[in-house]
Visitor: 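Please read through the structure below; I'll follow up with questions.
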Amino acid sequence: METESEPYVRLATLRQLHQVMADMNTARSLADTLQTVADGVVNGLGYELACVNLVRPDGDLVVAAFAGNPAAEALITGRVGSRESWERRLSMGEHWGDLVFIPHTEGWVLDDDDVPQWYTDGPAPRFDDEWHPSDRLFAPMFTPPSPGGSCGELIGVLSVDRPRNGRRPGAWGREALQMYAFQAAIAISNARLRANMQRALVRLERDQQALRASEESFRQAFEYAPSGMAIAEMGGDQHGRILRTNDALCRLLGRPASAMRRYAFSDLVHPEDIGTLLRTSAEGGRAELRLGRRDGTYVWVSLRNSVVADAADGPRFLLTHVEDIEDRKRRELQLAHRASHDSLTGLPNSAELRSRLSSRLCQRAEHPGALESLDAAYGHPVYDAGGHGFDFRPGGVEVYDGFDHHVHTAAPQSDHDDGTKGLAVLFCDLDGFKSINDRFGHNAGDAVLIEVARRLSRAVRDGDTVARLGGDEFVILADGLGRADAQDLAVRLRNEIIQPIRAEGRAVRVGASFGIGWAHCGMTADEVLKSADERMYVEKRSRPKQHRRAG
């Protein structure tokens, strides 16, 4: 080419540049693009050696591609030079536009820095523009400038060496290298962008695969879980509406999945457990309640809630785990019943009797000053019994206790019926029971107690309490009775008891003595029972012995 005219040389160079630039932009990966950039310097610009130093995320530059000398390529590819050393190099020497040329007369100060290099020493140049082996020529590569015109970011540096004509590049060679570095920066940026997009697509596909696998895993875990599972809407007008159920829940409630979607849990819960359901927290909430089966029965279950988000900002759903605890609950109820009921007769025992009685009584006013306010409220004086103010009226009295309104238990105040209704406590002691035990044995005595308990329970009203205090003593709590009503009830119960009882194959009889006491606030449960017990003994002693025993 040296014998050719300059226009022909430039045209050939332009053709070569066009080809290598086309190769840069058609490379399939970032690594291929970097290698194509290095090869283009050798094949298109007439240099024997070319190196692409790429800026890493930490700012240092790594030798990412090399062309022209396999031995040098093996020596320095992958080695790293610090950003500080590179900035020192790019600030030295002669600046040919964007290019940096460091002649051998200055470059010796760089021999000991950490930038990978392959330079060798040689004889002094014979003429001014002769290339020396220790000369250095760098072409920085920047990202395209922003629309505002500010300089782009450094992404790498092209290092070139040994021009084939043995001379330093002239104006045309410098322009060609500078233009090549500019196009190479665009190609590398595009390759990086494609690589990032490909990595993002790979991650997206991997995430989608993981999501599909997770959804399938959830579906299988949901559908084939041994306990009930349901997904319900959360928030809005349809809050709590069931969207999906698994087979275990459908079997537990005896309802098909299509029918379950017509309900919310509030539609299925036992009326007495609605409050428990409403108090259950949506996030991590737990509750034990009863759900209705298709046949009208109820089953005890444990509900455990958790919130599942459909997307980052999408709708949220309520995932409810439903565990059948019918057997455990039945055992708990049986244990509670045994603790509060007599094992022989099945009646409430002494502890349960005292508990029910105490729940109706209060002992003192929280604010004694409340009595004055009652005078004004009722229009007449009230008096204090056990620390409370009372306004006696049939059925009890409503009194402010300092925190809440409470209907106090009242009692008739005279031996004649004054119309006051109260909580009657009938203390029953069987007459002649000991002789049955002595004559016929304890099995006969137990049969008598069981039958007496059955007759007493049959004779009282719904809501009244019949309890076995112990031995042959029974207590009846009957609310809303006047004095005459309580006496009539005692007579009716006595008549039930004295009827013959079959025990151990024979008919036996027992009598019964009743004492009627009255519960009212200001008394303790033991005081009420003691009062009724004392009246029972008064009544027993007042009757002739032959009338007490049924024979």
Visitor: Under the 3.5 angstrom rule, does the side chain of Ser359 hit a backbone N or O of Arg356 as a donor-acceptor pair?
Guide: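 Side chain of Ser359 to backbone of Arg356, a donor-acceptor pair under 3.5 Å: yes, one is there.
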
Visitor: So which atom in Cys428 and which in Phe514 form the shortest heavy-atom distance, rounded to 0.1 Å?
Guide: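 Of all heavy-atom pairs spanning Cys428 and Phe514, the closest is CB-CE2, 3.5 Å.
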
Visitor: Donor-acceptor pair, distance only, cut-off 3.5 Å: does the side chain of Asn437 make one with the backbone of Lys434?
Guide: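 Judged by distance alone, no pair lies under 3.5 Å.
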
Visitor: So, the side chain of Ser457 versus the backbone of Arg454: is there a donor-acceptor pair under 3.5 Å, distance only?
Guide: no

Visitor: Has Arg294 got more than 12 heavy atoms of other residues, nucleotides or ligands less than 6.0 Å from its CZ?
Guide: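 Count not over threshold, so no.
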
Visitor: If we count only N and O atoms by modelled type, under 3.5 Å, do the side chains of Thr345 and Asp342 hold a donor and an acceptor together?
Guide: yes

Visitor: Hey, are Asp431 and Ser513 close enough side-chain-wise for a donor-acceptor pair under 3.5 Å?
Guide: yes

Visitor: Shortest non-hydrogen contact from Ile497 to Ala512?
Guide: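 Where Ile497 meets Ala512 most closely, the heavy atoms are CD1-CB, 3.8 Å.
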
Visitor: Is Glu326 salt-bridged to Lys329, cutoff N-O under 4.0 Å?
Guide: no

Visitor: Have Asp526 and Thr524 got a donor and an acceptor in their side chains that come within less than 3.5 Å?
Guide: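 Asp526 vs Thr524: no donor-acceptor pair found between side chains.
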
Visitor: Has Arg455 got a side-chain atom pairing as donor or acceptor with Ile450's backbone, closer than 3.5 angstrom?
Guide: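 Answer holds: no.
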
Visitor: Checking Asp273 side chain against Arg290 main chain: does a donor-acceptor pair fall under 3.5 Å?
Guide: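 Yes; at least one donor-acceptor contact below 3.5 Å.
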
Visitor: With no hydrogens and no angle check, is any side-chain donor or acceptor of Ser214 less than 3.5 Å from a backbone partner on Ala210?
Guide: no

Visitor: What closest approach, in Å, do Leu249 and Ala230 show between heavy atoms, and which atom pair accounts for it?
Guide: CD2-CB, 3.8 Å

Visitor: Taking Phe440's backbone N and O only, do any of them form a donor-acceptor pair with Arg506's side chain (distance below 3.5 Å, no angle check)?
Guide: no

Visitor: With distance as the sole test, does Arg251 use its side chain to make a donor-acceptor pair with the main-chain N or O of Asn246 at under 3.5 Å?
Guide: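 Judged by distance alone, no pair lies under 3.5 Å.
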
Visitor: Charged N to carboxylate O under 4.0 angstrom, Asp295 versus Arg293?
Guide: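 No, this pair does not count.
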
Visitor: Give the minimum heavy-atom separation between Arg354 and Leu469, together with the two atoms involved.
Guide: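 So the minimum-distance heavy-atom pair works out to NH1-CD1, 3.7 Å.
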
Visitor: For the backbone of Asp429 and the side chain of Asp472, can you confirm whether one donor and one acceptor N or O come within less than 3.5 Å of each other?
Guide: no

Visitor: Cut-off 3.5 Å, side chains only: do Thr320 and Asn305 have a donor facing an acceptor?
Guide: yes

